[in-house]
Amino acid sequence: MHIGPDIVAVMVGVAVDGPYSYRVPEGMRVERGSIVAVPLGPRLILGVVWGEPKDSVAHNRLRDIAHVYNVPALSEELLSLVEWVARYTLTAPGQVLRGVLRSPEALDAPKPVVAYRRTGFEPEKLTPARLRVLDTLNDDMAWPRPALMGAAGVSASVIEGLERAGALEKLEMPPPPVVLPPDPEANPARLNPEQRAALDRILAIGPHEFGVALLDGVTGGGKTEVFFEAVADTLRAGRQALILLPEIALTNTFIDRFTKRFTARPAEWHSDMTPAQRARVWRGVLDGTVRAVVGARSALFLPFRELGLLVLDEEHDGAYKQSEGFTYHARDMAVVRAHRAGARVVLSSATPSVESRNNANQGRYHHVVLESRFAEASLPDITAIDMRVDGPDKGGWIAPSLAREVFAALDRGEQALLFLNRRGYAPLTLCRSCGHQYQCPDCSSWMVEHRFRGVLMCHHCGHEMRTPTVCGECGDAESLVAVGPGIERVAEEAALRFPDARRVLLSTDMGSHAQLRQRFGEIERGEYDLIIGTQLVSKGHHFEKLSVVGVLDADLGLAHGDPRAAEKTFQILTQVAGRAGRASRHGKAFLQTYHPDHPVMKAMVTGDREAFYAQELLAREAGGMPPFGRLAALIVSAGEQQTAMGYARQLLSAAPMAEGIRLFGPADAPVAMIRGRHRVRLLAQSGKDFDLSGYMRFWLSSAERPRGDLKVQIDIDPMSFM
Ligand code: ADP
Ligand code: ZN
């Protein structure tokens with residue numbers, strides 16, 4: 001399509017309600033999706049040609065498009081995704097577009113590589129350095145300059161001297177691709193019959209068709225192998241594939257597995273990359289040289305033009321929810337994008353979200369089940385340890401029966417894992433004399449002791465103080481006590497009880513991503529006997545020697561009273577228990593709990609997931625909760641609690657009447673203060689067919705705008721709804 005000739009609408013990549021009209025100068029050709037630079041105020045800014053201008057503006061008052069980049073236009077599918085996301089999340093389309101566009105450096109033509117080749121002419125003056133260069137170039141191949149300098153061990157001036165002498169010819173070669181193309185035929189897995197059947201059902205959705213498959217299979221069931229074959233099928237069909245992982249920065253093993261299967265590394269997309277690396281991947285995705293990407297949730301906004309498959313590994317994972325800036329859930333967004341692109345979606349999990357299970361039950365998603373573990377591996381036996389009768393000795397956190405199992409595993413030369421989903425040493429520091437509790441000055445949360453670092457730290461804002469030795473309130477010197485366990489405290493107990501075991505402590509604050517990746521490698525190689533860790537160890541890892549898993553506080557996630565608490569707890573317990581016995585060893589998992597009769601613990605022990613999902617869905621339906629209803633939250637924040645509360649009340653009184661809408665609040669948000677800002681929440685609930693985004697937009701546009709230091713944050717589909 002060629003719009004024009006003269007005026008087009010351009011969406012600029014800034015948070016404004018665009019698009020704006022611009023003139024297309026003589027001789028410039030643009031189409032919908034063309035990436036351009038346009039003047040906005042005093043600056044030049046990146047934008048995208050959106051289409052015909054909406055309203056007629058006098059021609060002579062418009063400014064010219066400054067530049068059109070020589071890259072393929074963004075796909076129609078991506079443009080409509082931007083519009084959809086903007087509308088759904090109540091965000092300015094320009095702001096969403098900013099998340100799609102990269103720096104201009106990604107748009108300029110990739111720089112050619114300078115290379116040299118021999119001309120055949122031999123200069124008279126031949127120093128040893130010059131000879132080494134000529135020797136290196138013996139076979140008439142052209143060598144890129146840095147490679148040549150390295151191989152011959154010379155500086156650039158030696159090479160340039162030879163060029164001036166007429167012995168070398170300077171060439172410009174196209175830059176190498178970001179990654180080599182993955183080869184779908186390289187190392188296909190030999191799927192067992194169950195895996196084969198699962199793959200066939202996924203592939204029954206054609207490579208140019210929209211459809212969602214929920215790949216619902218036990219941990220270690222070989223789901224990864226199955227969706228790799230779906231990737232291969234997509235590549236064969238000439239389409240691009242995107243695999244999303246919840247914690248990509250920590251998952252070397254996944255990249256390695258991909259590389260083995262396809263004999264080429266996938267392009268990666270995550271926060272550990274430099275801007276230059278990102279620019280290259282972005283460009284490669286747009287011009288089609290990149291065929292497969294493994295990335296974090298933001299990879300959903302990469303400029304694919306031939307997207308044929310989206311995989312979300314561990315689709316239930318909370319990391320898929322973006323909660324800063326504009327809030328979106330990658331799972332929903334993947335389905336929306338795939339629908340527009342005519343692509344397949346594979347949602348993979350051993351513990352699918354209640355939402356996805358419901359979609360499968362209703363027949364909206366294909367429910368593809370893997371029942372058994374791959375090869376000789378079997379699912380672990382799960383036992384609840386009733387802490388009321390079999391609890392640990394005073395001052396300890398590990399029950400005697402669990403300790404015995406750990407000893408037995410160590411004796412057999414196997415690995416054991418002690419799991420507690422809480423970083424630090426103790427969640428609370430308390431003065432026994434005056435009762436003072438250490439709280440963050442800026443947040444409504446306790447200061448968590450991190451003993452290795454000698455600090456108390458707020459897990460909401462990162463505020464730190466040196467661990468006090470005397471009570472800051474009453475001055476008593478001997479009265480401060482650590483209350484409750486964190487993972488460091490478990491490590492301390494483990495050191496006393498299992499002194500001969502080679503132990504490793506893993507939580508996100510125990511090192512850089514690179515260091516943590518190294519630890520995982522060491523565990524896989526069997527360099528440790530006892531692993532002590534937080535949620536970090538529960539995901540995706542395959543530790544062959546691990547046979548015993550102990551969860552020290554299985555009730556931890558249930559305490560919040562959040563209606564999603566049961567689901568989240570069930571998921572994390574299943575994931576962590578599933579680390580045991582993934583190879584031929586039989587695994588056992590132990591859950592220390594004060595509520596062995598809780599439905600979650602029962603489902604874990606009996607292995608009856610179906611009963612759990614059925615009950616959870618019934619409870620959600622009865623409460624009109626997702627996926628049977630919709631929710632949206634407004635978080636009003638301000639420096640003073642009254643200011644926030646006052647404005648929230650004002651908002652509530654301005655709420656339009658609508659049938660089927662229920663409003664809750666204002667009330668203090670679950671975290672009532674963060675970084676010195678008081679937070680008050682309003683919650684709107686509707687039936688599932690109601691346009692709640694539209695309602696919220698109408699509500700906010702009819703209310704008085706927030707002034708002063710007031711801020712309103714909108715969260716459509718909030719993940720926690722208490
Ligand atoms: P999941 O993703 O369901 O947790 P994985 O795909 O990681 O399971 O498989 C578990 C283990 O079994 C892995 O070590 C994997 O390499 C192996 N495996 C699974 N399927 C096959 C297969 N068809 N051929 C060879 N090995 C397989
Ligand atoms: Zn804080």
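Counting convention: from 1, in listed order, for ligands and their atoms alike. As a basis for the values below, the full set of heavy atoms in this structure was taken, side chains included, without hydrogen atoms, waters or symmetry mates. Here the structure is a predicted model, which is why all the values come from computation and not from measurement.
Legend: residues meeting side chain to side chain donor-acceptor pair (under 3.5 Å) with E527, ordered by chain and number and at least two apart, are R525. Residues forming a salt bridge (Lys or Arg N to Asp or Glu O under 4.0 Å) with D200 (at least two apart in sequence, or on another chain): R196. Applying the ring-ring contact (aromatic ring centres under 6.0 Å, His included) criterion to Y528, with sequence neighbours excluded, gives no partner residue.
Residue-to-ligand polar distances keep N192 apart from ligand 1: every N/O pair is separated by 3.5 Å or more.
Using a 30° and 60° split on the angle between ring planes, H329 and Y320 fall in the tilted class, from 30° to 60°. Ring pair H436/Y438 is perpendicular by interplanar angle, where above 60° counts as perpendicular and below 30° as parallel. Using a 30° and 60° split on the angle between ring planes, F228 and F258 fall in the perpendicular class, above 60°.
Considering only non-hydrogen atoms, atom 19 (C) of ligand 1 lies nearest to E225 out of E544, E225, R257, K260. When the heavy atoms of G217, G222, A189, G578 are ranked by distance to atom 9 (O) of ligand 1, first place goes to G222.
A centroid separation of 6.0 Å or more is found between the aromatic rings of H367 and Y365.
Numbered from 1 in the order shown, with element, the atoms of ligand 1 that lie under 4.0 Å from a heavy atom of L191 read 23 (N). Each of the following atoms of ligand 1 lies closer than 4.0 Å to a heavy atom of R190: 22 (C), 23 (N), 24 (N). Contact atoms of ligand 1 toward T224: 2 (O), 5 (P), 6 (O), 7 (O) (distance under 4.0 Å to a heavy atom of the residue). Here is the list of ligand 1 atoms found below 4.0 Å of a heavy atom in G221: 1 (P), 3 (O), 8 (O).
Going from atom CD of E544 over to atom CD of Q415 covers 10.0 Å, rounded to the nearest 0.5 Å.
The two residues P184 and R236 have their closest heavy-atom pair at O-NH2, 3.6 Å.
Of all protein N/O/S atoms, those under 2.8 Å from the Zn ion (ligand 2) are C440 SG, C443 SG, C458 SG, C461 SG, and waters are not counted.
Under 4.0 angstrom from ligand 1, the non-hydrogen atoms of Q195 all belong to its side chain. When non-hydrogen atoms are compared, ligand 1 lies under 4.0 Å from the backbone of V218 (N, CA, C, O) but not from its side chain.
Remark: K321 engages D715 in a salt bridge, criterion side-chain N to carboxylate O under 4.0 Å.
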